[in-house]
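Right, one structure below, let's go through it.
Predicted model, so just to flag it, every value in this text is computed and none were measured.
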Amino acid sequence: MFKNEAEKIIVGVGGKENIIALTHCVTRLRFVLQNETLVDKESLENLDDVKGIFSANGQFQIVIGPKVEKLYDEVMTQTNLNVMSKEEVKSVAAEVNLNPLQKMIKVLGDVFVPILPAIVTAGLLMGLNNLLTNPGIFFTKSVIEAYPTIADLSSMINTIANTSFQFLPALITWSTVKYFKGSPLLGIVLGLVFVHPDLMNAWNYGQAVTTGDIPQWTIFGFSIAKMGLQAQVLPALVSGYVLAKIEIWLRKRIPETIQLLVVAPVAILVTSVLTFVLIAPVTIAIGNTIVEAIVWLFNKIPFLGGIAYGIGLAPLVVTGMHHAFLPVHIQLMANGGDYIWPIGVMSSLAQGSAAIAMNFLIKDKKLKGVGLTAGLSAYMGITEPAMFGINLKYKFPFLVAISTSGLVGGFMAMQHITATSVGISGIPGFLSIPFEFWPSFFVCMALSCLISFGATYFYGKFRFTTKEYE
C-alpha cells in the first residue's frame, strides 16, 4: 500500500545512496543525509502523505502523521538500512552535520528531554494543588478550607509534586551519565548523594548565608560547604559528565576481575569530592549569574526582555535550540519564579491561532483541515504541526505569530507574571501560574489568540489571491 509513496520519498531525499541513517518519531521520518542539497523539496511537498518538511539538528525531517511507522517500515525495506534507535541516529547526525554550538544544544536536549515528563508531571500536580489551596478560585475560601476532609489529600499531592524537584539532581545525573555512556545506576547514586539528608537543604542556603550558619566540612584545614544541591541544574549536569568520563577511563585500565571493587567506588568518591570542592561552587555561581541577568532584564527593561523571548522562541523551536532553556527555567523557579516560561505559552497560542486562521483561507484539499487540527495541537502545547505543516509553508502566518507573541510577551513581562513550575504549554499553561496572576494571564492568552488569528486571516485574505492557497 505504501510502496509507491516510499519509493517517491527515497527519490525525493536524493536516493538511497544519499541516506546515512533513518529513524522516526510519532509523526516524522528523520533522515541523516550525506548531502541535503540533493533533496527535491518540491516533489516531496507534493506527495499525499507528506504534511511538511524541514531540517533541524542535522536531520532532514518529513512530517507524515499517523502513517509514519508504516512508511518507515517500507522505506527501510527498500533501502536495506540498519535499524537504529533515535539516540543512535542523533549521534550519527551530530558527527555528520552539526557545528559546535549545535552539538552543545543537542547534548542539552538529549539530557533533559528524557526527564521532561517527570518535570511536567510535577508542574501539573503543583497546579492541581494550587487549585485546592488558593482562596477565591471556586469559593471565597480555598477548597481545603471549605472541605477540610481533603486537606491531607492536598498535602499528599504536594508531596508527590515536589519529589521531582527535590530529587532533580538524581534525574539529571542519571540522564547525563547515560548519555555519555557511563553506568546510569551510578548516575542515580551520585545524584542522591547531592540530596542526602545530612546535607543542608539548598532551599535554606539563602537564610544560612544571612545568619552565617552554613555547616562545613574541615578537611586538611580546608573548609567545604556541607550543602545539598536540591533544584540545582548545572552542578548535576557537569558532575554527571565527569562521573561518566572517570568511569570509562577506569574501566579501560582496571582488570575485569577487580572492576566491581574499584571502578564504582573510586568514580563516585572522586566525582563527589570534586563536586563539593570545585564543580558546585563554580557552576552555582554561573547559574546564579544567568538567573540574575534575566531577573535584572525583566525588572529593569521588562518590555524588551518579553519581546525578545516572545519573538525568538518559535525560531528556536524550529532549530531545536529551545531545549537549552530548560535548565534556565528550573533555575529561575528555584530562585522564586520563572519570568520566561509564561511567554512560551503565548507563543504556542499564537502559532496555533495563525494555523487555524489559515484553515479558513486554504483551498488545497490536502491541507484543508490540517490548519485546524494543527492549531488545536498547538493550543495543547505541541506547536510543531502548526509551524511545520502550515505557518512556515506560507511564511506570513509564522511571522504574524512570532510578532504577536513578542508584543504580548512584552506586555506580560511588564505585569511581572511568573510561573512556579514547568507544565504543559498552551491552554493548560495557567495551571503553572500563581492565582494572583490569573486575570492578567488570561487577558494575555486572549490577546495572543485574537491578534494572531485576526492579523493572519485579514492579511491573508486581502494580500493573497485565491490561487496562492490552492
Side-chain angles (χ1 to χ4, degrees), residues 111-112 115 118-119 122 158-177 180 182-247 249-250 261-292 295 327-337 420:
V111 167
F112 284 98
I115 67 175
I119 295 171
N158 189 51
T159 298
I160 297 169
N162 283 326
T163 298
S164 292
F165 293 107
Q166 288 290 340
F167 294 93
L168 184 64
L171 297 177
I172 295 174
T173 51
W174 162 77
S175 188
T176 304
V177 172
F180 287 107
S183 301
L185 181 60
L186 292 185
I188 295 174
V189 172
L190 179 68
L192 293 176
V193 168
F194 300 149
V195 294
H196 194 285
D198 282 353
L199 303 175
M200 183 188 69
N201 194 304
W203 302 105
N204 301 326
Y205 181 71
Q207 182 180 354
V209 170
T210 303
T211 60
D213 189 23
I214 301 176
Q216 303 277 340
W217 284 297
T218 302
I219 303 174
F220 302 122
F222 293 97
S223 294
I224 305 168
K226 195 176 178 181
M227 185 185 76
L229 300 177
Q230 288 85 356
Q232 292 293 328
V233 175
L234 290 179
L237 184 66
V238 175
S239 64
Y241 169 80
V242 171
L243 174 63
K245 294 303 180 182
I246 291 176
E247 181 196 354
W249 188 85
L250 289 171
L261 299 175
V262 176
V263 174
V266 171
I268 288 287
L269 178 61
V270 171
T271 306
S272 298
V273 172
L274 280 174
T275 301
F276 286 119
V277 173
L278 180 63
I279 295 172
V282 172
T283 54
I284 288 175
I286 293 171
N288 287 340
T289 301
I290 294 172
V291 168
E292 287 169 5
V295 171
V328 179
H329 290 312
I330 296 170
Q331 202 67 48
L332 282 168
M333 286 186 293
N335 285 53
T420 55

Derivation and outcome, side-chain contact (heavy atoms from CB on, under 4.5 Å), residues I119 and F165
CA-CA 8 Å; I119 295 171; F165 293 107; 4.2 Å; yes

Would a distance-only check, ignoring hydrogens and angles, find a side-chain to backbone donor-acceptor pair under 3.5 Å from T173 to G187?
yes

Minimum heavy-atom distance T283-P235, with the two atoms named:
OG1-CG, 3.2 Å

side-chain contact (heavy atoms from CB on, under 4.5 Å) for I224 and I219? Distances and angles first, verdict last.
CA-CA 8 Å; I224 305 168; I219 303 174; 4.1 Å; yes

Quick one: pull up CG in N201 and CD in Q230 and give me the separation to the nearest 0.5 Å.
4.0 Å

Residue list, side chain to side chain contact (heavy atoms under 4.5 Å, CB included) with L269, at least two apart or on another chain
V273

For S175, side chain to side chain contact (heavy atoms under 4.5 Å, CB included) partners two or more places apart:
V111, P114, I115

Provide the closest heavy-atom pair for A122 versus A161 in the form atom of the first, atom of the second, distance.
CB-O, 3.2 Å

Roughly how far, to the nearest 0.5 Å, is the CG atom of L192 from the CZ atom of F167?
7.0 Å

Can you run down the ring-ring contact (aromatic ring centres under 6.0 Å, His included) pairs that involve residues 215-235, sequence neighbours left out, and say none if there aren't any?
W217-F276

Any pair counted as side chain to side chain donor-acceptor pair (under 3.5 Å), so long as it reaches residues 232-245, sequence neighbours left out
Q232-Q331

So, using side chain to side chain contact (heavy atoms under 4.5 Å, CB included) as the criterion, who are the partners of A264 when residues are at least two apart?
L186

Side-chain heavy atoms of L171 within contact of I188, under 4.5 Å:
no

Nearest 0.5 Å, what's the CD1-OG1 distance between I268 and T275?
9.5 Å

From L190 CG over to L185 CG, what is the distance, rounded to the nearest 0.5 angstrom?
11.5 Å

Residues that S223 engages under side chain to side chain contact (heavy atoms under 4.5 Å, CB included), provided they are two or more places apart:
Q216, T218

With a 4.5 Å limit on heavy-atom distance, are the side chains of L234 and I286 in contact?
yes

With sequence neighbours left out, the residues meeting side chain to side chain donor-acceptor pair (under 3.5 Å) with S183 are E247

Contact check, side chains of L229 and I284, non-hydrogen atoms, under 4.5 Å:
yes

Value rounded to 0.5 Å, distance of CG in L243 from OG1 in T176:
10.0 Å

